[in-house]
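Note sheet for the following structure.
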Amino acid sequence: VQLQASGGGLVQAGGSLRPSCAVSGRTFSSGFMAWFRQAPGKERDFVAAIGWRGGNKYYADSVKGRFTISRDNAKNTVYLQMNSLKPEDTAVYYCAADRSYSTSVNHYAYWGQGTQVTVSS
């Protein structure tokens with residue numbers, strides 16, 4: 001299984017970005033896709049997750065109401081729509097996949113390479 005994240009970038013506070021994560025090699029028809037982020041000098045933290053079949057969605061409290069996770073099963077791609085971005089959202093964003101849901105970074109077996117998101121004040 002390969003995960004390819006893209007779509008990060010530099011944006012001013014209050015702006016929007018929509019990184020995406022393409023899955024190839026094998027599709028988890030009943031698994032979960034998740035986004036995590038890691039700021040410099042900090043641990044990798046859970047951001048959002050979505051069920052591949054049922055569309056169940058979960059969010060970290062820090063992004064609720066601003067970020068929306070979605071998926072396009074025909075394209076085997078998951079998106080993270082990020083609105084009202086803040087400087088504290090600056091981090092490398094990683095996508096991950098596994099058969100079940102968790103907010104723990106240790107739970108996910110498959111990871112993408114990460115995409116940098118920088119929010120300027």
Side-chain angles (χ1 to χ4, degrees):
V1 177
Q2 292 82 43
L3 281 66
Q4 180 73 38
S6 62
L10 173 64
V11 66
Q12 290 186 332
S16 299
L17 284 172
R18 194 181 77 150
S20 61
C21 179
V23 183
S24 61
R26 177 180 173 184
T27 301
F28 287 98
S29 60
S30 60
F32 279 79
M33 294 291 296
W35 286 95
F36 286 75
R37 65 186 181 186
Q38 188 167 20
K42 296 188 176 181
E43 295 183 347
R44 192 171 298 187
D45 292 329
F46 172 78
V47 175
I50 185 168
W52 198 253
R53 177 180 293 173
N56 297 324
K57 302 178 182 181
Y58 305 89
Y59 297 96
D61 288 343
S62 59
V63 307
K64 281 181 181 177
R66 300 189 299 122
F67 291 10
T68 302
I69 190 169
S70 63
R71 88 273 194 227
D72 183 335
N73 289 345
K75 296 181 179 179
N76 288 340
T77 300
V78 176
Y79 303 95
L80 186 67
Q81 179 66 46
M82 306 189 296
N83 298 329
S84 302
L85 282 161
K86 305 175 182 180
E88 51 263 43
D89 294 317
T90 295
V92 177
Y93 282 70
Y94 296 91
C95 56
D98 207 278
R99 294 189 180 277
S100 60
Y101 165 68
S102 173
T103 60
S104 171
V105 67
N106 295 319
H107 173 79
Y108 291 84
Y110 303 98
W111 290 86
Q113 84 287 3
T115 184
Q116 177 71 47
V117 171
T118 303
V119 184
S120 62
S121 58

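If you're wondering where the values come from, they're calculated on a predicted model, not measured in any experiment.
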Angle between ring planes, Y93 versus F67, binned at 30° and 60°: parallel, tilted or perpendicular? tilted
Donor-acceptor pair, distance only, cut-off 3.5 Å: does the side chain of T77 make one with the backbone of K75? yes
For the hydrophobic clusters of this structure (ILVMFWY residues joined by side-chain heavy atoms under 4.5 Å, transitively), does one cluster hold both V1 and I50? yes
Evaluate the ring planes of Y94 and W111, with Trp represented by its six-membered ring, and classify them as parallel (under 30°), tilted (30 to 60°) or perpendicular (over 60°). perpendicular
Donor-acceptor pair, distance only, cut-off 3.5 Å: does the side chain of Y59 make one with the backbone of G65? no
Under 4.5 Å between any side-chain heavy atoms of I69 and M33, yes or no? no
Answer yes if the ring centres of F46 and Y58 are under 6.0 angstrom apart, and no otherwise. no
Search all heavy atoms of S84 against all heavy atoms of R66 and return the closest pair with its distance. O-NH1, 3.0 Å
Not counting sequence neighbours, which residues clear side chain to side chain donor-acceptor pair (under 3.5 Å) with N83? List them please. S16, Q81
Donor on one side chain, acceptor on other, Q4 and S6, under 3.5 Å: no
Could you pull out the closest heavy-atom pair between V78 and W35, with the gap in Å? CG1-NE1, 3.7 Å
T90 side chain vs V119 backbone, donor-acceptor pair below 3.5 Å: yes
When rounded to the nearest 0.5 Å, the distance separating NZ of K86 from OG of S121 is 14.0 Å
Check whether Q113 reaches the backbone of A5 with its side chain - one donor and one acceptor, N or O, closer than 3.5 Å. yes
Would you find a donor on one side and an acceptor on the other, under 3.5 Å apart, between the side chain of D98 and the backbone of A109? yes
Grab the two heavy atoms, one from T103 and one from F36, that are nearest each other, plus how far apart they are. O-CE2, 3.5 Å
State which residues pass salt bridge (charged side-chain N to carboxylate O under 4.0 Å, His left out) with R18; sequence neighbours excluded, sorted by chain then number. none
Between Y108 and N106, is there a side-chain heavy-atom distance shorter than 4.5 Å? no
Could you note down all residue pairs passing salt bridge (Lys or Arg N to Asp or Glu O under 4.0 Å) where residues 35-52 supplies at least one of them, sequence neighbours left out? R37-D89
Looking only at heavy atoms, what is the nearest atom pair of G8 and T115, with distance? N-OG1, 3.0 Å
Quick one: do Y79 and M82 end up in the same hydrophobic cluster if we chain Ile, Leu, Val, Met, Phe, Trp and Tyr together by side-chain heavy atoms under 4.5 Å apart? no
Between R71 and G51 the two heavy atoms that sit nearest each other are NE-O, 3.7 Å
Nearest atoms (heavy-atom pairs only) where A91 meets A39: CB-N, 3.8 Å
